[in-house]
Participant: 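What follows is a single structure, and I will ask about it in a moment.
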Amino acid sequence: MPTIKSSYLGNLRTESEHLQSSVKILTDAPIDNNGKGEAFSPTDLVASALGSCMITIMGIVANRDSVSLEGLTWEVTKIMQSSPRKISEIIVDFHWDSPSSDAAMIQKLKNAARTCPVALSLDPEIKQTLNFNF
């Protein structure tokens, strides 16, 4: 059974529906690639998926060990190369103002981020730069 149903809306825009939840997302081609840049581009979603997957796996580890990740935020920077046009690097900057004081837990969280399914699924040519600001 499919997970996602998508359709082309014209003008370099797509709509995808997550079938289990009925949540929809739009994509638009970026301005630097003939689009309007009015929504996430497909490559933006790949970069966003990496950060979201990392925090999800970190959250699973934290929940298992009764650690709160409250206040943890992240920013994602996607770097494209031009020939061929593809993602060359994804930078994820994590920020946590009040991290756990347990050094072993911090290391477990960092290891969890590095081994999330999206990180392991991306082409090894895509550089993944992680900055843990905590």
Side-chain angles (χ1 to χ4, degrees):
M1 173 158 204
T3 304
I4 301 163
K5 182 177 180 181
S6 301
S7 58
Y8 183 67
L9 303 178
N11 297 318
L12 308 179
R13 180 165 284 193
T14 70
E15 178 181 81
S16 296
E17 179 181 359
H18 180 254
L19 296 176
Q20 183 175 345
S21 66
S22 298
V23 172
K24 294 180 181 181
I25 57 172
L26 296 175
T27 67
D28 193 15
I31 293 171
D32 67 348
N33 200 25
N34 304 307
K36 295 179 183 177
E38 294 176 344
F40 283 95
S41 72
T43 55
D44 290 341
L45 290 178
V46 170
S48 178
L50 179 62
S52 293
C53 186
M54 288 179 168
I55 190 62
T56 299
I57 300 302
M58 291 167 71
I60 291 169
V61 170
N63 286 345
R64 184 182 60 219
D65 291 355
S66 300
V67 172
S68 171
L69 296 183
E70 187 173 330
L72 179 59
T73 64
W74 64 99
E75 297 169 340
V76 177
T77 304
K78 173 193 73 174
I79 299 172
M80 299 292 291
Q81 72 178 40
S82 58
S83 185
R85 185 169 173 80
K86 67 178 186 171
I87 300 169
S88 62
E89 181 177 9
I90 301 172
I91 303 167
V92 184
D93 291 302
F94 293 97
H95 304 277
W96 197 7
D97 293 335
S98 301
S100 170
S101 59
D102 181 347
M105 173 52 63
I106 295 295
Q107 191 58 52
K108 281 170 92 173
L109 293 171
K110 291 178 179 180
N111 291 343
R114 290 183 179 98
T115 58
C116 83
V118 173
L120 298 176
S121 298
L122 290 174
D123 188 309
E125 288 188 18
I126 299 175
K127 183 177 178 184
Q128 297 178 35
T129 302
L130 308 180
N131 299 309
F132 296 96
N133 300 298
F134 52 83

Participant: Give, for atom CG of Asp123 and atom OG of Ser121, the distance between the pair rounded to the nearest 0.5 Å.
Facilitator: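 Taking CG in Asp123 and OG in Ser121, the distance rounds to 11.0 Å.
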Participant: Would you say the side chain of Ser6 lies within less than 4.5 Å of the side chain of Thr14, judging by non-hydrogen atoms?
Facilitator: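 Result no, sub-4.5 Å side-chain heavy-atom pair not found.
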Participant: Taking the side chain as every heavy atom from C-beta outward, state whether Gln128 and Val118 have any atom pair closer than 4.5 Å.
Facilitator: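 Result no, sub-4.5 Å side-chain heavy-atom pair not found.
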Participant: Which atoms form the tightest heavy-atom contact between Arg114 and Ala119, and what is the distance?
Facilitator: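 So the minimum-distance heavy-atom pair works out to O-CB, 3.8 Å.
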Participant: Would a single hydrophobic cluster contain both Phe40 and Ile25, if residues Ile, Leu, Val, Met, Phe, Trp and Tyr are joined by side-chain heavy-atom contacts under 4.5 Å?
Facilitator: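 Yes, it is one cluster - the side chains of Ile25 and Phe40 are joined through contacts under 4.5 Å.
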Participant: Should we say atom CZ of Phe132 is surrounded by more than 12 heavy atoms from elsewhere, each under 6.0 Å from it?
Facilitator: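 Counting other residues, nucleotides and ligands, CZ of Phe132 exceeds 12 neighbours.
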Participant: Restricting to non-hydrogen atoms, name the atom on Ser52 and the atom on Trp74 that form the minimum distance, rounded to 0.1 Å.
Facilitator: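 Heavy-atom minimum between the residues: N-NE1, 4.0 Å.
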Participant: More than 12 non-hydrogen atoms from neighbouring residues, nucleotides or ligands closer than 6.0 Å to CG on Asn111, yes or no?
Facilitator: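 Enclosed: over 12 neighbouring heavy atoms sit under 6.0 Å from CG of Asn111.
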Participant: Give a yes or no on whether Trp96 and Met54 share a hydrophobic cluster (residues Ile, Leu, Val, Met, Phe, Trp, Tyr; joining criterion: side-chain heavy atoms under 4.5 Å apart).
Facilitator: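 The answer is yes; both residues are in one hydrophobic cluster.
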Participant: In this structure, would Ile91 and Met80 fall into the same cluster of hydrophobic residues linked by side-chain contacts under 4.5 Å?
Facilitator: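 Per the 4.5 Å side-chain linkage, Ile91 and Met80 are not co-clustered.
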Participant: Contact between Ser48 and Val76 at the side-chain level, heavy atoms closer than 4.5 Å - yes or no?
Facilitator: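 Answer no - side chains too far apart.
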Participant: Mind checking the CG-OG1 spacing from Asp93 to Thr77? Nearest 0.5 Å is all I need.
Facilitator: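 Output value for this atom pair is 6.0 Å.
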Participant: Within the 4.5 Å heavy-atom criterion, are Glu17 and Ser22 side-chain neighbours or not?
Facilitator: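 They are in contact (side-chain heavy atoms under 4.5 Å apart), so the answer is yes.
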Participant: For Ala62 versus Leu69, what's the shortest heavy-atom pair and its separation?
Facilitator: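 Nearest heavy atoms, Ala62 then Leu69: CB-CG, 3.7 Å.
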Participant: Do Leu50 and Ile57 sit in the same hydrophobic cluster, where Ile, Leu, Val, Met, Phe, Trp and Tyr count as joined when their side-chain heavy atoms come under 4.5 Å apart?
Facilitator: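 Different hydrophobic clusters.
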Participant: Within the 4.5 Å heavy-atom criterion, are Asp102 and Asp65 side-chain neighbours or not?
Facilitator: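 A side-chain contact under 4.5 Å is absent here.
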Participant: Check whether any side-chain heavy atom of Leu122 lies under 4.5 Å from a side-chain heavy atom of Ile87, and answer yes or no.
Facilitator: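 Result no, sub-4.5 Å side-chain heavy-atom pair not found.
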Participant: Can you tell me if Asp97 has over 12 outside heavy atoms packed within less than 6.0 Å of its CG?
Facilitator: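 Atom CG in Asp97 is not crowded, with 12 or fewer foreign heavy atoms closer than 6.0 Å.
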Participant: CG of Leu9 to CG of Asn11: how many Å apart, nearest 0.5 Å?
Facilitator: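 Leu9 CG to Asn11 CG: 9.0 Å, rounded to 0.5 Å.
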Participant: Got a second to check how far Leu130's CG is from Ile90's CD1, nearest 0.5 Å?
Facilitator: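 Between Leu130 CG and Ile90 CD1, I get 10.0 Å after rounding to 0.5 Å.
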Participant: What closest approach, in Å, do Glu38 and Asp28 show between heavy atoms, and which atom pair accounts for it?
Facilitator: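 Looking at all heavy atoms of both residues, the shortest contact is N-OD2, 2.9 Å.
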Participant: Find the distance between CZ (Arg13) and OH (Tyr8) and round it off to the nearest 0.5 Å.
Facilitator: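 Reported to 0.5 Å precision, the distance equals 10.5 Å.
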Participant: So Lys110 and Phe134, side-chain contact (heavy atoms from CB on, under 4.5 Å) or not? Walk me through it.
Facilitator: CA-CA 10 Å; Lys110 291 178 179 180; Phe134 52 83; 4.2 Å; yes
Participant: Got a second to check how far Met105's CE is from Ser66's OG, nearest 0.5 Å?
Facilitator: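 The OG atom of Ser66 is 8.5 Å from CE of Met105, to the nearest 0.5 Å.
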Participant: Please check if the number of heavy atoms outside Lys36 that lie under 6.0 Å from its NZ is greater than 12.
Facilitator: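 Not more than 12 within 6.0 Å, no.
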Participant: Apart from Leu19 itself, what residues make up its hydrophobic cluster when side-chain heavy atoms of I, L, V, M, F, W and Y under 4.5 Å apart count as a link, directly or indirectly?
Facilitator: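 None; Leu19 is a cluster of one.
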Participant: Closest approach of Met58 and Phe94, non-hydrogen atoms and distance?
Facilitator: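 The pair with the smallest heavy-atom distance is SD-CE2, 4.1 Å.
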Participant: Check Asp44 against Lys78 and note the closest heavy-atom contact, atom names and distance.
Facilitator: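 The answer is OD1-NZ, 2.7 Å.
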Participant: Hey, quick one: are Leu72 and Ile106 part of the same hydrophobic cluster, counting side-chain heavy atoms closer than 4.5 Å, chains of contacts allowed?
Facilitator: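 Same cluster: Leu72 reaches Ile106 through Ile, Leu, Val, Met, Phe, Trp or Tyr contacts under 4.5 Å.
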